[in-house]
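Heads up, the thing below is written out as structure tokens.
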Amino acid sequence: MIRQAKRLPADLPGSGWYEILPEPKAARVLEGMQTADWIIVGAGFAGLTAANRLAELCPDDSIVLIDAQRVGFGAAGRNTGFMIDLPHDLNSDSYTNKREEDLKQIRLNRAAIDYARQMAEEKELGDSFNFCGKYHGAASDKGEKHLQDFARGLESMGEDFSTLTASEMKTLTGSDFYTGGLFTPGAAIIQPAAYVRKLAERLPANVTLYENSPVRSVQPGKNPLVTTDRGSVQGGRVLMTVNGQAESFGFFKGKFLHVFTYGSMTRQLSDAEQKRLGGKDEWALIPADPMGSTVRRIREGRIVVRNTFTYNPDMSTSRKQVERIGKAHDRSFRKRFPMLDDVGMEHRWGGHLCISLNNGHGFGQLEEGIYAGVCQNGIGVAKGTLSGLMLAEEVAGGRHPLLPDFKSCGLPSSLPPLTSLGAPMVMAWRELSAGVEK
């Protein structure tokens, strides 16, 4: 059966991470009939990692990598850039879950970070990848309790962390907003659009990248066929690394929650404004409550605020929705940085997340010649990298020692009836409960 795409990625312009980069070179568009040993659909974290690892495992094979948009313009370039090693369950109040499950996730996440760090070093990705750790910030008694619960969980697993006082948080951020914090050293922080664009520019010689080439159909079989508007590729096997868009092709129907989260980025601060703010020039902070505000200060002299989740089963957002949620970002920014009351947001955007209720991955063979590494459960940088790495190992006969652990995470479970009514209500309640942390 030919799998026709019912929807194509439809990301709106405006992602600050992408907009502050130089204009990319002209895209190479897929045209005419091509052949390849491997075809990868989707050039985000999973697709780029899979292409790189496949090229290492199969150096004599030809690999075609296809993306519907420009690399970095879509979902991979719209997150807040935390490559997290520790448990990060968005359905939890303190990110942690069951101890044994958390320990397994730490092993897997660190394998992804190790491989990303290897790629960053070999390909000289520079400041787009920074292995510097992450901060958690609390702004209330409830937030402090979340941090204490998280710290107890880390302590029980023998994980390294340090706590910060309100004064130390001000020294870091320049803000009086935070009452306490926690630092963990094992995370990497990336400029997401720059990271994936640089990976795409420095792919191995046996990988050919086509951009602005949305895939319209995938035909399974012994020699599967992938068709775009202006061309097609036939090859040995197809790897679907399109995260939630896999459902557009009819895979995993009724098993994905399609969620958007939103970010805003300030204009560049003047030297006087940066002096007025104080604090460190660069830091990345996750809220104590998973539904609070993530905040980053980046070396370009800008501040990024991310909060608010919406349930968008059609896999798209609107400019009106982005602007409405942007007002919440403005309020969050003013609470934290009243000394910058004359600083406005220059860029606003929304980004697509794919979540399963049981944290399962869409992984493995789907049909003859078709494989998937999708559904990153809102942790796209680490788990997308991990999915791409493990998918390449799976299809090319690699022997990664953690592949059994990854496969044991299970497949996504089916969504319950009336999800379209229940999901928005649950998200709204949890965000309301976050209180001042948002």
Side-chain angles (χ1 to χ4, degrees), residues 40 42 44-58 76 79 81-90 95-123 125 128-134 153-154 157-161 184-190 192 195-196 198-199 203-204 239 241 243 286 354 356 359-364 371-411:
I40 303 174
F45 297 114
L48 287 161
T49 304
N52 197 79
R53 184 57 181 150
L54 261 181
E56 293 173 340
L57 294 170
C58 308
N79 62 69
F82 290 77
M83 185 173 280
I84 296 171
D85 61 327
L86 296 172
H88 196 76
D89 182 358
L90 296 178
Y95 297 107
T96 55
N97 204 320
K98 296 178 181 178
R99 185 175 184 276
E100 289 307 312
E101 182 64 25
D102 286 344
L103 289 170
K104 179 172 72 174
Q105 287 303 319
I106 291 170
R107 292 193 298 271
L108 290 168
N109 291 345
R110 286 180 176 160
I113 293 173
D114 287 346
Y115 190 72
R117 182 157 51 171
Q118 174 188 320
M119 289 194 294
E121 292 171 355
E122 291 177 354
K123 300 174 188 298
L125 300 190
S128 63
F129 180 95
N130 188 4
F131 186 71
C132 60
K134 73 180 190 306
L154 296 179
M157 294 183 288
E159 288 296 328
D160 187 22
F161 68 92
T184 62
I189 306 299
I190 67 171
Y195 175 82
V196 292
K198 288 180 180 179
L199 279 183
L203 286 166
L239 311 187
T241 54
N243 208 17
I286 287 174
C354 176
S356 66
N359 281 326
H361 304 295
F363 185 80
Y371 298 77
V374 299
C375 192
Q376 316 309 345
N377 287 293
I379 323 296
V381 187
K383 290 192 175 178
T385 300
L386 183 65
S387 289
L389 174 63
M390 294 301 171
L391 186 58
E393 295 279 344
E394 171 81 351
V395 299
R399 296 290 183 267
H400 199 289
L402 292 181
L403 183 57
D405 271 358
F406 182 76
K407 294 171 74 171
S408 73
C409 293
L411 296 172

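Values below: every heavy atom of this structure, side chains too, minus hydrogens, waters and symmetry copies. All residue numbers in this chain count up from 1 along the given sequence. Note that the coordinates shown come from a computational prediction; the quantities given were computed from them, not determined experimentally.
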Can a donor-acceptor pair be found, under 3.5 Å and without considering hydrogens, that links the side chain of [X] to the backbone of [Y]?
X	Y	result
N243	V374	no
S408	D405	yes
N52	P204	no
T241	G42	yes

Do [X] and [Y] make a side-chain contact, defined as non-hydrogen atoms from C-beta onward lying under 4.5 Å apart?
X	Y	result
L86	M157	no
H400	F406	no
L125	L199	yes
K134	I84	yes
L203	L48	yes
I40	L391	no

What is the minimum heavy-atom distance between [X] and [Y], and which atoms define it?
X	Y	answer
G388	T49	C-CG2, 4.1 Å
I189	C132	CG1-SG, 3.4 Å
Y115	E56	OH-OE1, 3.0 Å
F131	G186	CE1-O, 3.3 Å
P185	D160	CD-O, 3.5 Å
F45	P192	CZ-CB, 4.4 Å

Distance in Å, [X] [atom1] paired with [Y] [atom2], rounded so as to fall on 0.5 Å steps:
X	Y	atom1	atom2	result
L389	L403	CG	CG	9.0 Å
K123	K198	NZ	NZ	13.5 Å
L386	L402	CG	CG	8.5 Å
I106	K104	CD1	NZ	12.5 Å
C409	N377	SG	CG	9.5 Å

Inset, instruction - Could you verify whether a donor N or O on one side chain and an acceptor N or O on the other, from Q376 and S387, lie under 3.5 Å apart? - result: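 Yes, S387 and Q376 have a side-chain donor paired with an acceptor closer than 3.5 Å.
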Legend entry - K407, R53, R399 screened by salt bridge (Lys or Arg N to Asp or Glu O under 4.0 Å) with E393, the one that passes: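 Passing option: R53.
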Inset, instruction - May I ask you to decide whether D102 forms a salt bridge with R99, counting only side-chain N to carboxylate O separations under 4.0 Å? - result: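 Looking at D102 and R99, the cut-off is not met.
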Legend entry - M83: which of I113, N109, N130, I379 passes side chain to side chain contact (heavy atoms under 4.5 Å, CB included):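 Exactly one candidate clears the test, I113.
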